[in-house]
Protein chains: 2
Amino acid sequence: MLQVLAPLELRLTKHRRSLLSVLENTSRPLTVDELVVSADVPMSTAYRNLAGLVDAGIVVRVAGAGSADRYELAERLSQRHHHHLVCTGCGLVTDFDASSQLEKLIDVEIEALLATSGFEITHHVFDVRGLCSDCVTG
Amino acid sequence: MLQVLAPLELRLTKHRRSLLSVLENTSRPLTVDELVVSADVPMSTAYRNLAGLVDAGIVVRVAGAGSADRYELAERLSQRHHHHLVCTGCGLVTDFDASSQLEKLIDVEIEALLATSGFEITHHVFDVRGLCSDCVTG
DNA sequence: ATCAGTGCAAACTTTTTGCACCGCA
DNA sequence: TGCGGTGCAAAAAGTTTGCACTGAT
């Protein structure tokens with residue numbers, strides 16, 4: 001992990017190590033609240049570190065279904081392209097994989113957009129929304 | 001529009017009319033700030049009306065790329081299924097259409113998820129992210 | 001006339017920042 | 001040892017809510 005941080009002027013501090021460790025060992029995007037508890041890091045430090053890691057492309061900020069945003073490791077580090085199944089009831093986010101056929105078609109679509117939109121496209125988001133089983137029954 | 005609101009215990013008030021009118025005449029999701037200015041409605045009223053309209057399925061809340069959430073007419077009212085091209089620099093959101101081939105494949109994918117996830121799926125989000133031309137050059 | 005809607009201000013939640021001190025490279 | 005990181009507390013930013021008043025049905 002140091003080899004990722006060093007070239008970016010980001011020191012490998014205790015807190016940074018802790019945040020990254022928590023993010024590495026989870027299978028879904030976490031809220032700052034969850035991170036603060038799991039990584040045992042003060043709020044302000046968590047926000048500041050996360051902002052730095054996002055700028056560095058190491059962590060991705062996932063816009064929340066509800067109020068609070070969530071964070072997860074960037075795909076180039078987690079080695080795993082995936083998508084999100086978001087519960088619009090409680091904000092729970094779970095990862096899932098799409099078929100390679102769909103991924104290929106999405107790539108084609110993005111190529112077309114690149115040409116027409118004037119945007120410099122960095123990535124795509126394919127999320128599915130609904131109610132998790134708890135929210136359906138509850 | 002009244003015929004949409006009446007069955008839902010939502011009165012067609014001046015503000016509601018104004019908000020819906022603004023939403024009908026725009027091609028992208030708007031922030032509450034933008035809505036308050038365009039529709040000339042007080043903040044609290046805007047939030048309360050939007051919450052009601054979202055509950056009623058008339059309006060959709062689009063999780064913000066940055067901080068502020070955005071709102072747009074639900075697709076069953078705008079008559080137009082579409083996707084979002086989001087600028088991660090300034091938060092600008094533009095609508096675009098995907099190929100019908102991609103849409104079909106997405107439907108198949110969602111069918112599969114329905115069966116395996118335990119989620120009650122309501123809709124999908126296929127967003128593309130990047131920097132708009134202003135943010136690239138600026 | 002009734003009950004949803006309104007508008008202000010105050011409260012809340014989430015995120016950002018100022019400042020003095022600390023510790024990694 | 002210098003500069004990035006830290007931690008508290010205060011401030012922004014975005015959203016929600018209490019309450020007394022108004023207006024659509």
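All values below were derived from every heavy atom in this structure, side-chain atoms included, with hydrogens, water molecules and symmetry-related copies excluded. We name chains A, B, ... by the order of the sequence lines, and we start the count at 1 in each one.
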Does R16(A) reach the main-chain N or O of R11(A) with its side chain, forming a donor-acceptor pair under 3.5 Å?
yes

Output a table of nitrogen or oxygen pairs between the protein and nucleotides 13-15 of chain C separated by less than 3.5 Å.
from	atom 1	to	atom 2	distance (Å)
dT15(C)	OP1	D69(A)	N	3.3
dT15(C)	OP2	Y47(A)	OH	2.3
dT15(C)	O5'	Y47(A)	OH	3.1

Answer whether the closest heavy-atom distance between the side chains of L35(B) and V41(B) falls below 4.5 Å.
no

Does OP1 or OP2 of dT6(D) have a side-chain N or O of N49(A) closer than 4.0 Å?
yes

Treating E109(A) as the side-chain partner and S99(B) as the backbone partner, does any N or O pair qualify as donor plus acceptor under 3.5 Å?
yes

Evaluate the ring planes of F96(A) and H83(A), with Trp represented by its six-membered ring, and classify them as parallel (under 30°), tilted (30 to 60°) or perpendicular (over 60°).
tilted

From NE2 of H15(B) over to P of dT6(C), roughly how many Å is that when rounded to an integer?
5 Å

Atom CZ of R17(B) to atom C1' of dT25(D): distance rounded to whole Å?
13 Å

Under-4.0 Å side-chain N/O to phosphate OP1/OP2 contact, T45(A) with dG7(D)
yes

Has the side chain of H15(B) got a donor or acceptor atom that lies under 3.5 Å from a matching backbone atom of T13(B)?
no

Work out which heavy atom in V60(A) is nearest to a heavy atom in A74(A); give both atom names and the distance.
CG2-CA, 3.7 Å

Roughly, in whole Å, what's the span from CG in D40(B) to C1' in dT6(C)?
14 Å

Please check if the side chain of T26(A) supplies one atom and the backbone of V22(A) the other of a donor-acceptor pair under 3.5 Å.
no

What protein N or O atoms touch nucleotides 19-24 of chain D N or O atoms at under 3.5 angstrom, if any, and at what distances?
from	atom 1	to	atom 2	distance (Å)
dG23(D)	N2	R11(B)	NH1	2.8

Value rounded to 0.5 Å, distance of CG in L23(B) from CZ in R28(B):
11.5 Å

